[in-house]
Every structure is written in structure tokens, then in C-alpha cells.
Amino acid sequence: MPTATNVSVLLESGTFGEIVMTRTPRLSWATATDAADWEQDGAEVEWDSTGGALIRELAGPAAAAVAWPFSPLATGQRGTVRVRVHSKATGWSPWSAPVPVRCGVADGWSAAWIAHPGARAEQCPVRLRQAVSVRPKLRSALLYATAHGVYQASVDGIPVDDERMKPGWTHYGDRDTYACTDVTALLTEGTHAVAVDLAAGWYAEKFGFNGLERYIYGSQPAFSAVLRLEYKDGTVEEVVTDGTWDVTDEGPILSSGIYAGEQVDARRREPGGWVPAAASPVTRVPVPRTSPPVRVTEELSPVEVIRTPGGATVLDFGQNLVGRLRISVDGPAGTTVTLRHAEVLQHGELALRPLRRATAIDRYTLAGGGPETWEPQFTFHGFRYAQVDGWPGELDPSDVTALVIHSDMRRTGAFESSHGLLDRLHENVVWSMRGNFLSIPTDCPQRDERLGWTGDIQVFAPTASFLHDSDAFLSSWLEDLALDQTSDGSVPFVVPDVLESAAIGTAAWGDASTLVPWTLYQRFGDLDTLARQFPSMRRWVDWMASRTGENLLWEDDFQFADWLDPTAPPDRPADAKADKDLVATAHLFRSADVVAQAAGVLGDDAAAQHYGDLAARVREAWLRQYVTASGRLMSDAQTAYAVAIGFGIVDDERRDAMGARLAELVERAGYRISTGFVGTPLIADALTDTGHADVAGRLLLNDENPSWLYPVTMGATTIWERWDSMLEDGSVNPGEMTSFNHYALGAIADFLHRRVAGLAPAAPGYREVEVRPLALDGLDRARATFESAYGTHEAGWERVGEGVRLRVVVPPNTRATVHVPGADAPVTVGSGTHEWVAPATVRTGGTASFSVDTPLVEIRRSDVAYGAVREALIAMLGREGASDLLRTLEWGPRGTFRMQALLLPPGVVDAVDRALAAV
């Protein structure tokens, strides 16, 4: 019999305690049992509410994202849901523990927008207030609130919740979202002071670059709310925002901006200047917020106090993070403490240039009279280092704490291996996701940008979907993407579209409209989002197709293409080696193919046929234009081959040739990465799928500049925007765009999960998985775990003697197809723990001895020989000089050090010859 059954409510929304922000919450349940190969053949769901208990019987194995089987919930309705499951082998399980559910969806919206009536300085927050009288026998009190800006509400000085930056950033005006908070415990019988602190946030921020920054939505924030009071006698009263509220701009927060930071004068705790609020009608009713709330999820203490060459005091928190500082300080009234933030140090001082116009400074002026604890309310920063100026007396580092802030998603995926640098790389990916999943998926969290770049999340969505339960977060953002999309289908560069770029459209970026919904369906089984976004998906493909000529090639338009190819000049990041038109047309094929598959899933046979035909015709056009008969691409670049193989464009006849050429290009580059945003998520899979896993492994584990591991060797704790955001001499890359917290290049983590550890989804929502691990040279073990709606999946391997032990854990109600190394055919297993011992992959023997006459490719394939050469050159030229020289060599099958003697610095050949002789 199943030993336990757990039920969790999965929504398109976040949760506020027991509150759900939908009238029809989806349900998932996981079964824990000792029975092997356990599969559910039916279930019963019980909903116990005020009207009594109802039970619905469900046939079959469905246990993830199950549609609500009862009538839609009424506003404020509460109850409990529980589940029991059945299988032929074990019969009925016990009922699960009941899960409380309360509907947080408002019934209409009777409130107005309220704001300060006067002309005010930019980014000057306000405080709103209203006295609320509560009669005896209050049953419940729910606060529904939204803002054009960011807010926090309090009752008698007590914050109503622990959320930050409410309600988040959406397509303001067209999709304002509200949160629902249970404030019953704060409203006893009598009169209470309800206050709201309101700041500019994203709404009244200036967006843009190069002196063209301007307000997109409005210059002043506004607030709207309904406080619903329900009494035990069944009566309901509503307190709404209107002209009876008071407002002042003389509160303690002097200014607050996303980019500028926050200034507070604690001496203004009891503000004056109260005036009646200006009220205006709500023309479009807000909708329930469906993205998880932003919260403080971790606190970090300083690991070091640094005295800079200029005499400043800087705290190092040991981790590049996103959030703010909380200080505990005691000093004379009027003392101002200033906090400056930066991701890295340069020449021992804060490196502020990468922030561009974002000053990222918080200032706190003390009230005096005793210890004071303060943190900014309405801003956030990306930083590892904080400079503290003006501290009264001796600074105790324990008085400063870094608060890590992001959208509060459940962690679901993990990876670990025997390779310390690789594990730190994976941890860096996790931290970059946390920092950039703050209300929306942003490119970076520190400079004057922090925008929802579509290209970044398009390539990163598979990784994000493994690391965290990001379904509701990304589904919400996709609603704004569809709203920002033009009527003819073009998709903006950023969502929300504060750059007003929607009409331009560009490949890989606009493809977020098709590939992100498809990822959510594949990884979470989210059919609802796929169906809702399908019109948007179609419009994007139709728009792309409209940009082609009779030849069905997308040519001559603006493209970001393989953005930040490492060979692109710092000031021209789009100058990639891969042809931009080749990349653009490949994305037309990819998205048309995905839309055809989505149409099939949704039962739209006509659309499936139409877009399937379009994809086939685009594929043939692409092959005619860009591929030679021998399988060589006209654009002979790593990304071009990775796209052809990874997207499935190339036919079987020329696929092997393309894989061989891709491997050759990677080897000639010395296993240094040569791809940008487009090629990076594809290249390791493309190599592996064409029989070159050894090359993929060397590419993955290389730690030279540029590579995935190079930033780790430079102390990175997040993923960088550029492969070399910091140069080898410790200086910051001179490029205008130089962020140290960008998740896009971290898309390689999906390869670690699926291929290195071997845990890949094979059916929507991980109902089935495929385990095909790669025992790469340089690794002794690797393991991944993932918590799907069904339970915890695990796949991993370790070397044991001359073999490899493979371990797979399959949760109940799921299956795994396992490719055991060396086996003739895969094996399918059901729930339980399974182990196999297989022969280890035969490692390449390679050249037995080396000299300056050995082909360079053979030297590079030997870790020992190449390591000897590298150490010899570092001793002779220094790390930077050695790196420059090694990067300029072409590590092909014909060239040797002796043949290139005339092109090398004097003495290099002799130094290399001595090093290789020692090997």
C-alpha cells in the first residue's frame, strides 16, 4: 500500500499562505510508496467547504496539473482539498492530509486610483492613510491591492505581509495585477490606522539609453485597493480607495528609484502636510497576480572588511547577489550613512562604470536617540561589495546584512559532480537565475537596464524550468508578451516593452513567444499556458514568414543574431562569425515546427498541417541556400553548425559531416568557446548527438578565456554577460555592456542536467524521463535530481574501478527509459531505485610522446601535454601573455610549434620543447 499521499495546489498564480489567485486551481499530487513499478489507475479528490464535502472520482494516471474538478470558487470561499489514489496492485491509499485553500479573486473592483494631487519632485514617494472602523464579530478581512508603482500596506504600523516590490511589473494599464492578503489578525474590533507607503518603482522610472531616458507610463505613482470585511452574520463591508483618503509627500522616504536607490530621513517619522488624495476612476479592472511574490529568501553576512587604496570601507559578502542591505546603527540625529553597491572591485575600489547611469546609492539619516534598524523598501541592487560611508563610530560588520530578494519560487532541481569548478559554475547559474527572476525575467539586475529581454529567457527557459518551479512566473510574463506584441505579430526586444521595440522584431528574441510556452508544456505539462499563448505563437511565425521573399529566406533585416560571440569587438557585440540571415531563417524553421507540434497537441489539425508545411518548405530553402553537397556550411562557424544540428534542419545524409566539421572547428579553437547567445545552448548537444561527446566534454571543462569555467577561475559567483566581462589582468572589460550577472550563457546547465547527469524529460511534466548519461573524461561522477509534480527523480553515475555505476530513482506513477552504457538496447523501468554497473567509456589513448613536431591537435587533446605547454608559457610570458598566445594558435591536425616558430616570440619553441620532453 502507498505509505503516504501528498497533495499540493499548483496554479497559474503565486500563493499567499492558503490563498489561491484563481477560481479554478489546478491540482497535483505525489504518491510515496514502497511498491515497485507503482502506477495510479484512478484517484478521488475531496473538496470540503461551507456547503459540505464533495468527492470527484478521476480515472487514469493523471496526477499533475489536473483541472479543478468542482465548481469555480467564490470570492473569499475557503475549504480544504485532499486526495486518495488507487492502483490495481495496492488498492486505495489513505486520504492525504487536507490542504487549506481560499479564493483570493476579487468580485469586481469598486475602488478608484488615488495619488498625491500636487506637482512633485521626481521619485518622491508618498504615504496614504485611512481610518477603518471594524464592528464586532469580524469573520475575515481580505485586502486586494494594486499600484502603478510599488507599495507596502500596514495596519497600526504593522506590515500586512513579508512581500517586497508589490505588485510587480506588468503591462501597466492593460494588465494591472493585484495581490490578496489576509489581514484578519490585524483588524480587531475598533478603529485602525491603515497606511500605505507608495513609491515610483518600475511605473514612474525613466527608461532608455544614451540621454534618451523618459517616462513610459507616468511620472507619479498611484494606488488602488479594496478592503473586504466579512462578518459572522454574513454581511460584507468594503473600504475602498477614494477621495476620503489622505496623502502626504513629507514622509521619511525622500526619494526612491529602481536605478538611483533610496534616501530616507528617519527624523521625519511623523510626517505632516496631509491633503486629500486625488481620485480617478479605474478604467480597466485589475486581474489577480499570477506570479509568485517577491520576498527576502536568504540573508548573508560580510565575509571580509576591506580598506581600499582610497581609504574607503568596503564589505565583501562573498557572493554576487540581488537585494539590499539592512543596517543596525546607533548615532547622533542627522548622521547620514551612505551605502554604495558594486559587483566587482577594480584596482581595489568599487567598479562603478558597469552601472552606467544607475547610481545605486542608499542613504539613511538617523533619527538619533538609540539603536535603529533600517533597510530600503522600494529598490534593489546587484552587488557583492558595499562601500559604507558616514558610519558613526567603529563599524561592526555584523551590523550590516545583505538581504537576498527575488520571486519566491520553489527550488526543484540540483546538480553535483566530482569537478569543483563545474559545480561552482552550476551554482553561479542558480544565483544568476535568482537575481534576475525578480517579478519578471531580466537580463541583469544592477545597471540602468534590468529589462525583460526576450532573447535571454528564450535560451534560458529550459534551465530555469529545471532549477525552480518557474511555470507560474514565466506564464505570467508571457501574458505581457502577448499584450506587447503588435497586431501583425512582431515581438519586442523586451517585455514589458519600455524600449518601444515591438515593431522591429528579431530572430531568437521574438522566438520567446513560441519557445517559452513550448518549454513550459514540455517541462511542466502546462497545457493551459500553451493554449492561451497559441494565438501569439502563430502571429510571430506569420510575421517572420511575411519578412521573407519568394525564396522563404529571412534576409537583410536587423538582427542581434549570435549576440556576444566572443570574437565580436567590445563595442560591436552583434558582429558574430555566424551569418545573421542563416540564423534568422533557422529560427523561422524552428518556431514554425514548434507551432505545428503545439497545434497537434491542442487538436488543431489544420494549423498543424499549415505550419508543418511551412517548416518543411523553409527547411528546404535553408538547405539550398546555406549547405554544400558535402555538408559544409557557407557560414563556416560553430554556431551555424550547432543551429543546423540542434534545430534538426540538416538531413541525415549530411548530419555526420556537419558534426565532424563542428568538432574540427572546436578543436582548432583549442576548445575555447566561440559561440554567443544563439549557439551556446546548442553546441554541446550538437557535438554529442553527432558522436563527439569527447569534444563536448573538453569544451565544457576548459577553463581558459573564453570558456564557461574561465569566470569561475576569476572568482565569479554568478554568470557573466560576456565571456570575458573581467579580463585576465583583473580589469573590467571596456565594453559598454559589461554585467557580472546575466543568466543567458548559463543555459549550458540544461546540458549538465539532461546529458552529463542524464536526467531528461521524455513526456510533458516528467511523466516519463530518458536517462542517457555521459561519463565524460575529467569527471568521476555526476548526479542530478528534479522534483516534478510526481515526486523526486534522480539520475547519476560514478566510476568504480574499470566500470561505471549508474543509479536511477523513479518516483511512483512515472517511468524511465535508461540507456545503460555498453548495452545493446535501452531498458524501461517503473518506480523505485535502480542500479547498473557498466563498462567505462574507453578513454582516448592519444599520442604516447610529444615534441614541437607533434601536431598541435594531438597536444591539445592531451591534458598532460597541453598542461605542460601552458605552464611553460605562463612561466615565460605571464598568464595574460600565455593566454593571448595560446588563443592565437590554430590547434589543427597539421600545424606544429616548429612550423610556426617564425610567428612566435623568441624562445617559445625551445621552452615548449623542454616542457614536452619532460612529459
Side-chain angles (χ1 to χ4, degrees), residues 36-39 61 63-64 412-417 461-467 515 518-526 593-594 597 601 645-648 655 659 681-682 684-693 696-697 700 747-776 779 781-798 804-838 841:
D37 302 328
W38 189 92
E39 289 197 9
T412 51
F415 171 87
E416 62 91 18
S417 74
T463 298
S465 298
F466 183 90
L467 295 176
L515 301 184
W518 187 240
T519 295
L520 297 186
Y521 171 66
Q522 291 178 308
R523 299 304 178 95
F524 298 105
D526 188 350
D593 184 53
V594 162
Q597 294 181 65
V601 169
I645 298 166
F647 285 0
R655 188 169 181 267
L682 302 170
D685 276 296
L687 288 166
T688 302
D689 289 343
T690 53
H692 304 282
L700 173 66
I748 186 62
D750 189 50
F751 178 80
L752 300 182
H753 307 148
R754 291 183 296 100
R755 306 305 294 269
V756 177
L759 183 56
Y766 286 75
R767 176 73 171 83
E768 300 176 12
V769 300
E770 182 176 30
V771 178
R772 192 195 296 259
L774 288 177
L776 296 174
L779 296 181
R781 70 176 187 278
R783 183 175 73 100
T785 60
F786 178 74
E787 186 180 340
S788 76
Y790 298 97
T792 301
H793 306 256
E794 178 184 332
W797 58 270
E798 63 177 343
V804 172
R805 177 184 291 117
L806 176 61
R807 185 174 190 267
V808 177
V809 179
V810 183
N813 214 23
T814 68
R815 297 180 181 181
T817 299
V818 183
H819 298 259
V820 180
D824 294 333
V827 58
T828 299
V829 295
S831 63
T833 299
H834 311 273
E835 290 191 355
W836 297 264
V837 176
T841 303

Measure the [atom1]-[atom2] distance between [X] and [Y] for me, rounded to the nearest 0.5 Å.
X      : Y      : atom1 : atom2 : value
Leu687 : Leu700 : CG    : CG    : 11.0 Å
His819 : Leu806 : NE2   : CG    : 11.0 Å
His793 : Phe466 : NE2   : CZ    : 10.0 Å
Phe415 : Thr785 : CZ    : OG1   : 11.0 Å
Ser831 : Tyr790 : OG    : OH    : 13.5 Å
Ser417 : Trp797 : OG    : CH2   : 8.0 Å

May I ask you to decide if [Y]'s main-chain N or O and [X]'s side chain share a donor-acceptor pair within less than 3.5 Å?
X      : Y      : result
Thr833 : Val809 : no
Arg523 : Pro462 : yes
Asn813 : Pro61  : yes
Thr814 : Val810 : no

Contact check, side chains of Thr792 and Phe786, non-hydrogen atoms, under 4.5 Å: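 Counting from C-beta outward, Thr792 and Phe786 never come under 4.5 Å.
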
Does a side-chain heavy-atom distance below 4.5 Å link Arg781 with Glu416?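 A side-chain contact exists here, since the closest heavy-atom pair is under 4.5 Å.
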
Evaluation steps, side-chain contact (heavy atoms from CB on, under 4.5 Å), between Val829 and Val818: CA-CA 8 Å; Val829 295; Val818 183; 4.2 Å; yes

Carefully, step by step, assess Arg755 and Asp689 under the rule side-chain contact (heavy atoms from CB on, under 4.5 Å). CA-CA 10 Å; Arg755 306 305 294 269; Asp689 289 343; 2.9 Å; yes

In sequence, state the C-alpha distance, the side-chain angles, and the governing distance for Thr688 and Asp685, and then conclude on side-chain contact (heavy atoms from CB on, under 4.5 Å). CA-CA 5 Å; Thr688 302; Asp685 276 296; 5.5 Å; no

Are Glu798 and Arg783 within salt-bridge range, i.e. N to O under 4.0 Å?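 Salt bridge between Glu798 and Arg783, a charged N being under 4.0 Å from a carboxylate O: no.
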
